[in-house]
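Side chains included, hydrogens not; waters and symmetry mates left out as well; all remaining heavy atoms used. All ligand and atom numbering here is 1-based and tracks the order in the structure.
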Amino acid sequence: MESSAPRPMAARRPATPLSGQAHVPGDKSISHRALMFGALAIGQTRITGLLEGEDVLRTAAAMRALGASISRDGADWLVAGRGIGGLTPPEDVLDMGNSGTAARLLAGILATHDFYSVMTGDASLRKRPMKRVIDPLSATGAVFTAREGGRLPLTIQGARDALPITYRLPVASAQVKSAILLAGLNARGVTQVEEPEPTRDHSENMLLHFGAELTVRQAGRGRIIRLTGQPELRAADIIVPGDPSSAAFPLVAALLVPGSRITLTGIGLNPLRTGLFETLREMGAELTVRNHRIAGGEPVGDIVVEHTQLRAADTPPERAPSMIDEYPILAVACAASRGTSRLRGLNELRVKESDRLAATAAMLRAAGVHVEIEGDDLIIHGVGSPPGGGLVETHMDHRLAMSALVFGQITQAEMRIDDASFIDTSFPGYVPLMRKLGAAIS
Ligand code: S3P
């Protein structure tokens, strides 16, 4: 990805409202986990609806390099697992591309496999903190070396007789929680993770789906998760719902472009992922969920959304984990609302694919919107229809690129982005899907 030429793009107001029906690609978090847990199970796992984005393909390549057999079968994917502790040493460096989830979860798996491996990533991933997983995972007996500041490339010598960990997360991170649970699968005894705020629970759901012994107990606002090590995971089929974090882009576009009405089908509605929908409803949005159902152990539904003039937002810090990836697009909605919004407690945004707090503020400023960062809060002075006319630097960050292309649908002058190529990490087919709904992107 890094060597490919940048793909600049521009977005402007469409001549007609957005309309129609669309199905967004599979959930990124669930797709990574399906490949990883499938590779650790005994038997064949069939995955329907896997996200075929660059990030997930990196996970597939890494699990293959570790001995799992992974293939396509029509539109489905098949994983023949090696069993807990059954992966084999990779012959080459594991390159996780742009994906923090792939890198951190894989570090958990490698920590309790008794062999040596090396992991790297692209220029964005090589800047991101890995100490948050290295510190707890070292307690298993694994030995890590990293570049200064705990950055990739990373070497890992997995523990021989791995010890189970008891750990309280210092930051609300599903990636760190999942890395510890994955390590705990091959440790003797009970691994315990306490999270002060609940974060996405796809790992817990999938472990139960594969027959692991796992309990979750409420503890204050957070949760305590206990996993018994060295279970036999039994392969189980997985249906991946549409990614609510991807649905957020067409959804907000339809909310903002006057006269629009669209339907997004088969979207994952796990309550630990739907903070954006809750916030948009508080801002006055009409979101109707139809066809509510359970698919592959996760709640799913079709969302109908139509244009609404939004009010400003004031979001509490404790809601951040349930919409952590949605702040750039929420910021676009706030810029198009009337009034001053305050999005609170965004410290974790600084360590995403880019410094998303600074980059989101810069995106809004490029459109002439007045923005401030106060501590960890983002304050946005909404103006209805911002002037636009700016160039957005996307910093190898797919969500900034997609947000800016939505923004251009309502700014007075067009918005340009320096590079759309990273969109493929999470949402292949984004531009054609948006165009089909009526967005103006060139
Ligand atoms: C993810 C967790 C979140 C999120 C990321 C996917 C996951 O990261 O930002 O896109 O699949 O566990 P953190 O857990 O680091 O907040």
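The protein non-hydrogen atom at the shortest distance from atom 4 (C) of ligand 1 is D325 OD2, 3.3 Å. Annotation: atom 6 (C) of ligand 1 to nearest protein heavy atom, T101 OG1, 3.3 Å. What sits closest to atom 12 (O) of ligand 1 on the protein, heavy atoms only, is R33 NH2, 2.7 Å.
Here R319 pairs with E278, E282 under the salt bridge (Lys or Arg N to Asp or Glu O under 4.0 Å) rule; sequence neighbours left out.
In this structure, F249 and Y430 have perpendicular ring planes: the angle between them is above 60°, well past the 30° mark.
Remark: the S426 side chain and the H398 side chain contain an N/O donor-acceptor pair separated by less than 3.5 Å. Side-chain contact check for R33 and S203: at least one donor-acceptor pair (N or O, by modelled atom type) lies under 3.5 Å. No hydrogens or angles considered: a donor-acceptor pair under 3.5 Å links the side chains of N205 and E298.
Between Q175 and ligand 1, an N or O atom pair is found at a separation short of 3.5 Å.
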(message) Before you tell me yes or no, could you show the steps for R356 and D325 under salt bridge (charged side-chain N to carboxylate O under 4.0 Å, His left out), namely the whole-Å CA-CA distance, both residues' side-chain angles and the distance that decides it to 0.1 Å?
(response) CA-CA 9 Å; R356 263 190 199 153; D325 293 332; 3.6 Å; yes

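Heavy-atom proximity to I324, at under 4.0 Å, picks out these atoms of ligand 1: 4 (C), 9 (O). Each of the following atoms of ligand 1 lies closer than 4.0 Å to a heavy atom of S29: 1 (C), 6 (C), 7 (C), 11 (O). For ligand 1, the atoms closer than 4.0 angstrom to any heavy atom of A174 are 12 (O), 14 (O).
When non-hydrogen atoms are compared, ligand 1 lies under 4.0 Å from neither the backbone nor the side chain of H202. Using a 4.0 Å cut-off between heavy atoms, K28 contacts ligand 1 through its side chain alone, with no backbone atom that close.
Salt bridge E204/K177: present, at least one basic N to carboxylate O contact under 4.0 Å.
Heavy-atom separations between K352 and ligand 1 include at least one value shorter than 4.0 Å.
Taking the side chain as every heavy atom from C-beta outward, I225 and R217 never approach each other to under 4.5 Å.
Nearest to atom 1 (C) of ligand 1 by heavy atom, out of R200, M323, E353, is R200.
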